[in-house]
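Written out below as structure tokens is the structure these notes cover.
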Amino acid sequence: MDENVSGQIEALRTPDLATAASPRHPLAPLTPAEITAVVAAVRADPAFGPALGSASDLGVFFETIELLEPSKTTLREWRGDGAIMRAARANVFRNEEQGVWQLTVTLDPPAVATRQFVAGARPMIQLEQFIAIEEIVRTDPAFIAACAERGITDMSLVCVDPWSAGNFGLPDEDGLHLSHTFCWLRTRENDNLYAHPIGGLNVVVDIKRGKVLRIDDHGVLPVPMAEINYESQFRDSFRPPLKPLDVVQAEGASFDLQGHAITWDKWSLVIGFNAREAITLHDIRYDDRSVVHRASLAEMVVPYGSPEPGHARKNVFDIGEYGLGKLANSLKLGCDCLGHIAYLDAHLTTMTGEIYTIENAICIHEEDSGVLWKHWDFRTDRAEIRRGRRLVISCICTVGNYEYASYWYFRQDGAIEFEMKATGVINTTACIPGKPSRYGTEVAPGVEGHIHQHAFCARLDMAVDGECNSVVECDTEAVPPGPDNPYGNAFFLTEHTLHTESEGARRADPAKQRFWKVINSHALNHVGRPVGYKLEPRNVITSFLSPDGPSGHRTAFMRNHLWVTAYDPEERYPAGNFMNHSSGDEGLVKFIAQDRGIEDADIVLWHVFGLHHPVRPEDFPVQPCISTGFMLMPNGFFDQNPALDLPPDTNRASKRHGASSCCHG
Ligand code: CO
């Protein structure tokens, strides 16, 4: 989109013509009424409506419709006079042309404001296409024949997962929008299909034409037929249940949720949501001091390590190629979420422009987080203890076989934590029993799970006490033994300011205990130092992909653990805007080629972290949550422990275990 779009939209800024459906905050996601208005505006535009003379032509399909977030300037003005400007981004595509239209749409009045055609771009694979792809494969005569060769005749039990195809330079795939599928078998209804991989059989589907392009039959492997299930219906017995552990908040929760704006303890923020990133958080403040302007999980990719036929293509961008938000679960009270819960629904759109609502998509609640601080003075036998509590904002998204559960935690000491829990079912393939490849682990006889990684990239548009921030790299150094270090114990912290984007591409260095600090040199704390927040790279991973390979080239963002860029609202995704079949030339590598200054500037941090996952037998048939994430922790932002003012309190409901606890006395 051209750089003047924000300006053009702002020229159309009008006071809020409030309707019952209008949101309270300019950063709140689009309402169903607004989405409907966007769809109508696009359909009414002669360039995108039904083709003349064709009653059956629906015109364009919708990839995503989301809020066009107001500029920082507009938000500042809004704080002043309360006027709201609302506009949307819409990505639309046609089956007949290879590319995606990026539109901006005003809502008042509803009209397409700007348009840009990105030739060659492919839209995200849509949820509605998952089932369609499976059906296309299952009904293909050549595929039916390949299954028959493997002794499979009941096609209703065959399952096909619609993996993204990557960009492998195969001549017959050039210019198409494809899914490279993997197949499994159920033995009966609800049986765990991933226990029965149909190895060696991949079908390449032309998504837009709705047909099979090619069947890659790499040879017959025995399909493991032992049932290995996790659903309760398949179990005869369960371990004895534990006694109830109830989270009771008799007086309700301590947060105040007004539409999508939430305040809790000293925190305030706005909760957004879109089809691609799922949860987005905005205008995060502590005690009304700004910390982060916008935070989201902007991309993730899952590279697999096997070079074997078919499997070498497994390198999925679950956010950029599918959209995590559209795959969010409708959460269940008492199961996904424990305690006193507030939910927000997510309103998205189908390909054909109908409202697609995920009820209870975002879970908001409080948790006890253990002791926050304590000291016992042994001389006086006096102890001061404060328990901490945290606000949790979360959602769970299912991408094919895997679940990704995102948790944002806000702590009373000013720290913000992000945790990603991965669960669900590992991707499986068939192997000769007892002889897995060196690229995998045999998790059950004849069932292999390949080594892989889950690389995540958080986009953190920082605003530590304002927009002008810098990043300081902090390493710890030992002093060489000598006159300055007579006992060999000396070590100290060094600080190095990162000046330019090329200098801002950094890797973690555990040998130097490296971390990064986002500082504001215009705001000093009580010892005269710039206020700051530190980012500790606690969960970094190293990519094993060759940078020159087709997957390695597209996962360039994985090569560093921190990237710092000058703020540009159109630089949103670290591997590029359109990830299906992407060339790998877009994203962070291109952003930093501008080599803009990042010192004392409005900057964005891109933190890459992840899970290194050599599969364990215990990850099957359903994987216990494995966890990764990062923390933003105040570092000189406050003059002292900001949680000193927590009132002393004792939880009266707590009881001693033992005989007396049974007497309720
Ligand atoms: Co995994």
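Read the numbers this way: they start at 1 and go in the same order the structure lists the ligands and their atoms. Only heavy atoms go into these numbers, but all of them, side chains included; no hydrogens, no water, no symmetry mates.
- The cationic atom of K421 (NZ for Lys, CZ for Arg) lies less than 6.0 Å from the six-membered ring centre of Y407 and within 45° of the ring axis.
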Determine all donor-acceptor pairs shorter than 3.5 Å in which one atom belongs to a side chain in residues 214-224; sequence neighbours excluded.
from, atom 1, to, atom 2, distance (Å)
R214, NE, D216, OD1, 2.8
R214, NH1, D172, OD1, 3.1
R214, NH1, D172, OD2, 2.8
R214, NH1, E173, OE2, 3.1
R214, NH2, E173, OE2, 3.0
R214, NH2, D216, OD2, 3.0
D217, OD1, R150, NH2, 2.7
D217, OD1, G219, N, 3.0
D217, OD2, R150, NH1, 3.1
H218, NE2, N202, OD1, 3.4

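- Across every non-hydrogen atom of P162 and Y322, the tightest pair is O-OH, 2.7 Å.
- Geometrically, R389 does not engage F410 in a cation-pi contact defined by less than 6.0 Å to the ring centre and at most 45° from the axis.
- Under 2.8 Å from the Co ion (ligand 1), one finds the following protein N/O/S atoms: Y402 OH, H452 NE2, H454 NE2, H613 ND1.
- Under the 6.0 Å distance and 45° angle rule, K314 counts as a cation-pi partner of F182.
- A distance of 7.5 Å separates CG of L331 from SG of C395, quoted to the nearest 0.5 Å.
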